Amino acid sequence: MKCTEVTPMLDALLDNELDMVNRHSIEKHIQTCPVCLGEWKKLTTLQQKIRQQTEYYKAPVQLFDTLSSIEKALPVPTPLFRRRWLSPALAASITLLISIGLLQLDRQSQQQDYLRSEIITGHVRSLMAEHLTDVASSDRHTVKPWFNSRVDFSPTVYDFTTDGFPLVGGRLDYLQNRNVVALVYRRRQHIINLYTWPEQKSRDTVIKIYKQQGYRILSWQEQGMSYWAISDLNMHDMKTFARLIQHKITDNTKTKNNG
Amino acid sequence: MNAAYNLARWLTRNEQDAQDIVQEAGMRAYAAYGQFRGESAKAWFLTIVRNTFFKHIEKQSRFERFKVNAAYELQPECYLEQPDEIMHQESQTNLIHKALVALPEEFREVIILRELEGLSYQEIATVINSPVGTVMSRLSRARKHLQNRLLEIDPEEACKP
């Protein structure tokens with residue numbers, strides 16, 4: 001590919017809007033072309049600046065109150081379970097209003113959408129040129145201490161080479177305006193990024209599964225930490241991977257408690 | 001809901017107008033829900049918010065709008081400084097925010113929708129009622145604008161006598 005072809009597509013690459021073929025060609029080109037790599041870095045830096053340093057204005061509380069009083073003033077449909085029949089149009093409208101937040105406001109889910117989109121971008125970016133790992137080693141005794149001076153929490157790091165998921169290394173990354181740990185694993189030709197950071201709020205060990213833009217994203221919480229695994233690996237292997245991590249953490253806790 | 005307020009806030013650049021717009025958009029959405037056909041509820045509602053914004057500013061005279069836009073034009077701080085005042089170095093973190101505020105609407109809104117709301121090109125196209133190609137070129141130009149502004153308003157360069 002020539003630079004003149006690549007340059008106009010860099011924005012689309014940044015925004016995950018390219019099809020696999022184009023994405024692959026451009027990624028290859030960037031790896032060997034310092035000029036385009038420079039342009040690419042300028043773009044990713046700008047994007048990071050915008051996302052980290054721009055204020056996201058949250059709706060003030062009184063706005064929610066005002067809108068719920070509008071809702072009360074207008075005719076309210078009777079609770080669904082009381083109706084013996086429900087027109088599809090009505091059901092659809094209620095769903096719609098819930099999803100845009102006019103009924104039962106759910107701020108958390110919008111944040112989650114955005115988090116997933118950040119994770120995808122982070123994953124794709126890590127696969128580019130030279131920044132897959134900051135510390136490359138399959139030895140957890142090398143990777144885990146590397147994070148000591150760089151994040152204020154201690155990640156659980158394990159290698160699963162014997163199970164077919166070798167640890168490739170670790171990387172410092174940013175999500176939702178904070179430092180997070182990214183542990184990189186490999187399964188055959190596929191790279192898995194496992195993001196982890198402390199999250200006290202919920203203890204939802206049930207694995208949530210998302211399929212987005214061709215990636216599989218699995219998420220759960222355990223022992224005060226949040227885990228997000230992303231890869232283009234198939235669903236079966238992803239679940240195997242997630243369970244490996246979960247079992248290791250549980251085992252580790254048992255040993256700590258017994259020893 | 002936060003997405004609606006955030007967009008309104010970035011378009012109007014002030015809190016009170018943003019609240020008014022979201023309220024009005026909310027009422028129109030409630031009334032219009034029968035017409036919703038497409039896939040993305042968020043994009044649909046943001047379209048209403050945006051249209052409400054444009055109805056809102058139609059009422060302003062052209063001169064009023066010119067005054068408002070001029071007020072947000074970026075100026076390097078040193079030009080405003082009096083001889084007996086100490087120049088405070090503007091920290092980097094404020095600059096990108098200010099650069100965004102000063103961007104013309106059509107560039108500002110695509111950046112907000114893409115970077116803060118995480119909408120896809122198709123969803124942005126729905127909200128601004130334009131083809132995807134327009135979204136792509138606007139986004140690209142918006143980013144270049146921002147990069148240039150950041151270079152232009154570098155306090156060290158701008159304040160040299």
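Every chain is numbered from 1, with letters handed out A, B, ... down the list of sequences. Keep in mind that this is a model prediction, so the values were computed, not measured.
Contacts with chain A were tallied for B:E15, B:R114, B:M136; B:R114 has the most, counting heavy-atom pairs under 4.5 Å. In terms of heavy-atom pairs under 4.5 Å with chain B, the best-connected choice from A:Q47, A:Q52, A:E118 is A:Q47.
Looking at B:T47, its side chain does come within 3.5 Å of a backbone N or O of B:A43 through a donor-acceptor pair.
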For a side chain to side chain donor-acceptor pair (under 3.5 Å) check, start with the C-alpha distance between B:E117 and A:Y56, then their side-chain angles and the critical distance, and finish with the verdict. CA-CA 9 Å; B:E117 298 299 344; A:Y56 188 98; 2.9 Å; yes
Take B:R143 and A:D11 through the test salt bridge (Lys or Arg N to Asp or Glu O under 4.0 Å) and record every step on the way to the result. CA-CA 9 Å; B:R143 286 173 172 148; A:D11 289 86; 2.8 Å; yes
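For A:L10, no part sits under 4.5 Å from any heavy atom of chain B, backbone or side chain. For B:I111, the part lying under 4.5 angstrom from a heavy atom of chain A is the side chain only. Interface remark: A:E17 contributes side-chain atoms only to the contact with chain B (heavy atom separation under 4.5 Å).
B:R138 forms no cation-pi arrangement with B:F107, by the criterion of a distance under 6.0 Å to the ring centre and an angle within 45° of the ring axis.
For A:E5 and A:K2, the salt-bridge test fails: no basic side-chain N is under 4.0 Å from an acidic carboxylate O.
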